[in-house]
Every structure is written in structure tokens, then in C-alpha cells.
Amino acid sequence: MSSTRTTPPSPAGTGRSVRRPGDRVFAGTAKGAGILILVILAGVAAFLVVEAVPALTAPAEDIPGDRGLAGYIAPLVFGTLLAAVIALLVATPLAVAIALFIAYYAPRRMAQGLGYLVDLLAAIPSIVYGFWGIFWLAPKLVPFYEWLERRLGFIPLFAGPASTTGRTMLTAGLVLAVMILPIVSAISREVFLQVPSLHREAALALGATRWEMIRMAVLPYGRSGVIGGSMLGLGRALGETMAVAIVLSVSGGITFNLISSGNPSTIAANIALEFPESSGIDINTLIASGLALFVITLAVNMLARAIVNRRADFSGAN
Amino acid sequence: MAKRIDVSDLNIYYGNFLAVEGVNVSIEPRSITALIGPSGCGKSTFLRSINRMHEVIPGGRVEGKIVMDGQDLYGPDVDPVDVRRQIGMVFQRPNPFPTMSIYENVAAGIRLNAKKMKKSDLDDLVERSLRGANLWIEVKDRLNRPGAGLSGGQQQRLCIARAIAVEPDVLLMDEPASALDPISTLAIEDLMADLKERFTIVIVTHNMQQAARVSEQTGFFNLNGVGQPGRLIEFNPTEKIFSNPDEKATEDYISGRFG
């Protein structure tokens, strides 16, 4: 085979290497999809910024509420974050517990059914959650809020006076918690099931009980997945509109009092409620609040990434 | 603290499937016992039944007896967790906990036993275990780095350090060198020669030269066909197995006529 032409090996990047059409097409499609998502994101951001500019530059008395743009948006940002944080604090431990039960404790048949049921929660439209919250959950919570006020009223969170309708920030947070439960538990369940049996057996062979095995091998391995799932849930809680718009009784500004009827609204719920009545600069103001939500969500996601990456060496992905 | 193990009339099942049938054997303390045989003959299953790890697989159960220095490992009130704390295990593929540092990996077993230990004592024990696994010199400057960052051979020695840190009575090794290169394999074999001074070691290996090099006793497992249970065909001193075995099947296997 002395006549075979040999091309000298060229370092990557220089010279032309043989590329098959299939590879080229696939690489192009994948690259296109990647670029498309950036274009869409940039488009939305540009729209928000352009439409928010009139509100950003308007004199304070033109903004609804007469307290300027910052005075208008601040309580909304606060309400949004408060409701979402309550939802996350309630939902994450519950979701992790459900995921662990399904992955490691429940008999296989029951686990499957339970998994479907939890996933089904995600298919319920948010407006239904809103009705459920206002007609069923809120009245049921009233006695509990009264109890909280009586017994734990010294904590500012439960200072009261307790709402008589139950349409409080805590109720909204709990409804949101139920709504984000499926996504957090589904993702947690998947990562827990992916823990290699090698690691689980390593723990068991050292004489770990099932719970110790979960603590040693499963939870650390699934940690970044649980954080990722929580952040997806947080994203949903931050942006949730209808359920909050229906459940939350809005009046008043920034307060940590979770059980009274005077609550700040959330950005998304406020937009939904105010938009039909708005025109001119009012609409620009609402869009400016939407821009604030966009920035918050972006910041939350970057924070989550940072948390996940901080111990990337130990993630088990290497 | 090495202990002897006596196995009598042991049948091992997965559900209704009889995987290993009728094992009778005595494993001597402070020695290395090798188990050889073709794939699927039940030698790993038998090994895992010694520390009740086969029960981790749904449906895994046994009939018969395994007694360690008079203690019935399958007694009615024996907790498998306690059995595994006395009988350590090293797996075919190195499996240090990826989320833990080298130090934490070695200390993992101690932490499980919930013994409160002073930091300095724990440091000593980690060093002693790593020295015992011939790994200390290589990792002493990076104890806080992830265990998964080590080479395969180092990871396997880390797993051995983790297993011996809790001072087990018996050490089970399931093809501990089969995923390693020859130099790492040699390191593990040298290590085993040291460890047998303190532990009873049972090793499953596909590598007959390895069995001949390291072990005092050798058991040969075989099965008659697919779907048939594996059996312990012959158990004898390693020298006899490899020079003048009692059974024809053993001779056929070690001379390379099948398997």
C-alpha cells in the first residue's frame, strides 16, 4: 500500500479536515437552535427596556400612586420575593421527602402511581389553584391564623390582626408551594434515581442503614439537581400570575406580616389585574415592573448556577 | 481481629431462582482465600452473601448457615447492617464517594458508627488507614481534594483504606483489580499480602495467575449450564488446585480448556 496518499496530521483548527454532510447539517441545526434562544431572549429584553423607558424617565407624579417608579415597583418586588420564598421554603423539603419516598422507600408499584399523581398536580391550570386557594384553602386557614396571632403574635411575621378571609401572603405562598411541588419533586426524584448503585452499595457495605445510605450517597449526589429543581420552581413561583391574583388580598405596602389582610401584590399578579384598566404611561410602568421581574429571575438563576458550581469538583459528574 | 467463617449447606436465591447451590466451606482467618470460576458461576453472589450484600437486590435470600466465630450471620435477630460493619467489602470498580474528599471518604465508616472521636484521633486513624492501604505518601498533601480525582488504582486503594478504617474482621474483595492496569494491580496484590496479617480476606478473581500469586486457599465455582445453579466444585490449598486438582472440571478450567 505504498501508493496510499497520507495527509499529514494537522493540528485542530488549521487545515481542512474531512466533514460529512450529516455532521455539518446537524452541527448547523444545533448551532441555529442555540442562537435562536439567544435572539428570543434578547428580543424580549429589548422590548421590555424600550417600553419601560418612558416610565423610567417620567416625572414621579405621572406614575400611578404618585410615589415615583421605585416607590411603585418596590412593594411589588417585595411581595413577589416574599410569596416565592415562602413557597420555596415549604415546597422544597416536602418535595425532597416525596422524591426520596418514591425513589427508595415505596414499593415499586405504589411508587409509580404516586409519581404519576404528583406529576398530575403540574397539569392543573393555575386559575384552578386560584379558586381552590380562595374558596377552600383560605377559609380553612382562618382559625389557624387566629391561633398563630394569639400564640406567636410576638413574632413580627404573625403580628396580625389575622385576616378574616384568609386571603393572606401566607395563603398565597402555600398555594404557590403546592403549584411548584410537582416540578421540584419530579426533578429530585430523577436525580435520586440516577445515583449509581455503585455509590449506594459503597455506603451499604460500610454498614449504613437505608437512611444513612441516603445521607451519604444519595443526597450529596443529588444536591445540585435538587437546587436546580428548586430554582425552576422558584422561577414558576416568581412569575405565577392568576393564582396569586385571585388569592391575595392586596392593600398596603411592604410588610413582613404574613397573616393580615394588608399585603403587597406581586409583579405578575399586579400586571394582570391592572393592565385592562391602563393606558399611556401606566402601561409603561407595568412593563417596567415586568423588566424588574425579568432581572430578578435572571439573578436567581445565576445565583443557583453559582451555588451548583461552587463545589463542582465534588459533584460526582467527573 | 480476623475471624474464621464456616459456611454450611448454603443455597442462595434471587426470588425463586436458585443462583448458588449447596456451598460447604471453611475460610481460615489471617489468610487469603481466592474464588475462581467462569462468569455467572455464582462466585460473586456467594461473596456478597457473606456480608449480606446480596439482599440489597430485591428477592435476594439464602437458605443454610454462615457462621463467623460462632455467630450466625443469618440468625433471626441479626441486623444485616451490623454484619456489614464487621465484614468490609471492596468492589470491582473503585467507588469512592464522589461528593467527599479523600479524608472524608476514609472517615465515612467511622462517622457511620457514630463514634464521637477527637479530631486528632480521627486524623491519626485516617493516616493509619491510608498508610495501611499504601496510599498515604501519594495523597497526604491533598487530603481535602475529591477522591474521584485520583487515578483508578489510587481510588481502589482509597476504597481499601475506607474499608479497613473501621477495623472489620473480614475483608471481601470482588475482583478488586480487574479494572486496573498491571502496575496498579501489583500494588493491590502487595497490599493484600500485608493486610492478611490482620484480616481474613476473601477475593473473587477472574485472573487465575492472581489467585495463584496471592492466595493460600482456592475455591473453584462452576455451573452445568445457563439457568443452572452455580456450585462450589472444589476447595483446596492453592498449590494443590493449580498443580494437582481433585476434580477434572477444575483442571480443565485452570488449564484453559474452557471458561
Side-chain angles (χ1 to χ4, degrees), chain A residues 96 99-112 188 190-230 306-318, chain B residues 47-48 50-59 79-102 104-114 142 144-150 155 158-159 162-168 171-174 179:
Chain A
V96 169
L100 283 177
F101 178 72
I102 291 176
Y104 292 110
Y105 285 93
R108 191 178 301 173
R109 230 185 245 159
M110 179 181 173
Q112 230 165 30
S188 304
E190 288 309 310
V191 293
F192 291 159
L193 283 173
Q194 276 169 18
V195 176
S197 61
L198 217 58
H199 300 321
R200 284 186 276 129
E201 291 195 341
L204 290 173
L206 275 178
T209 61
R210 196 185 308 209
W211 163 238
E212 286 166 336
M213 179 271 284
I214 286 171
R215 233 178 34 197
M216 270 177 118
V218 176
L219 288 180
Y221 188 92
R223 184 171 158 279
S224 57
V226 171
I227 293 176
S230 307
I307 294 173
V308 171
N309 284 342
R310 205 158 37 115
R311 276 169 61 92
D313 282 355
F314 289 86
S315 71
N318 39 19
Chain B
L47 189 79
R48 289 167 66 96
I50 298 176
N51 69 342
R52 300 186 67 167
M53 273 301 285
H54 78 294
E55 291 172 21
V56 169
I57 295 160
D79 184 349
V81 167
D82 292 331
V83 172
R84 292 174 203 146
R85 287 186 184 179
Q86 296 171 60
I87 306 181
M89 187 159 196
V90 176
F91 294 82
Q92 183 172 1
R93 281 179 53 204
N95 56 356
F97 296 115
T99 54
M100 293 185 192
S101 67
I102 293 169
E104 288 169 331
N105 259 293
V106 180
I110 317 287
R111 298 240 161 93
L112 270 186
N113 288 312
R142 45 174 172 160
N144 292 316
R145 299 295 304 147
L150 299 172
Q155 285 187 30
L158 177 60
C159 293
R162 178 176 67 189
I164 63 177
V166 293
E167 292 287 326
L171 199 55
L172 307 177
M173 301 178 132
D174 190 356

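Note on naming: letters A, B, ... go to the chains in the order of the sequence lines (proteins, then strands), and numbering restarts at 1 for each one. Worth saying up front: this structure is predicted, and the values here are computed from it rather than measured.
- For the atom pair NE2 (His54(B)) and CZ (Arg52(B)), the distance works out to 8.0 Å, reported to the nearest 0.5 Å.
- With a threshold of 4.5 angstrom between heavy atoms, Leu172(B) does not approach chain A through any atom at all.
- Heavy atoms closer than 4.5 Å to chain A are found in the side chain of Val56(B), but not in its backbone.
- For Arg162(B) and Phe97(B), the positive end sits near the middle of the six-membered ring, less than 6.0 Å away and at most 45° from its axis.
- In this structure, the portion of Pro96(B) lying under 4.5 Å from any heavy atom of chain A is its backbone and not its side chain.
- Remark: Arg210(A) is positioned above the aromatic ring of Tyr105(A), its terminal NZ or CZ atom under 6.0 angstrom from the ring centre and at most 45 degrees off the axis.
- Closest non-hydrogen pair, Ala163(B) versus Val90(B), comes out as CB-CG2, 4.3 Å.
- Taking Met89(B), Met53(B), Gln92(B), Arg93(B) one by one and counting their heavy-atom pairs under 4.5 Å with chain A, the maximum is reached by Met53(B).
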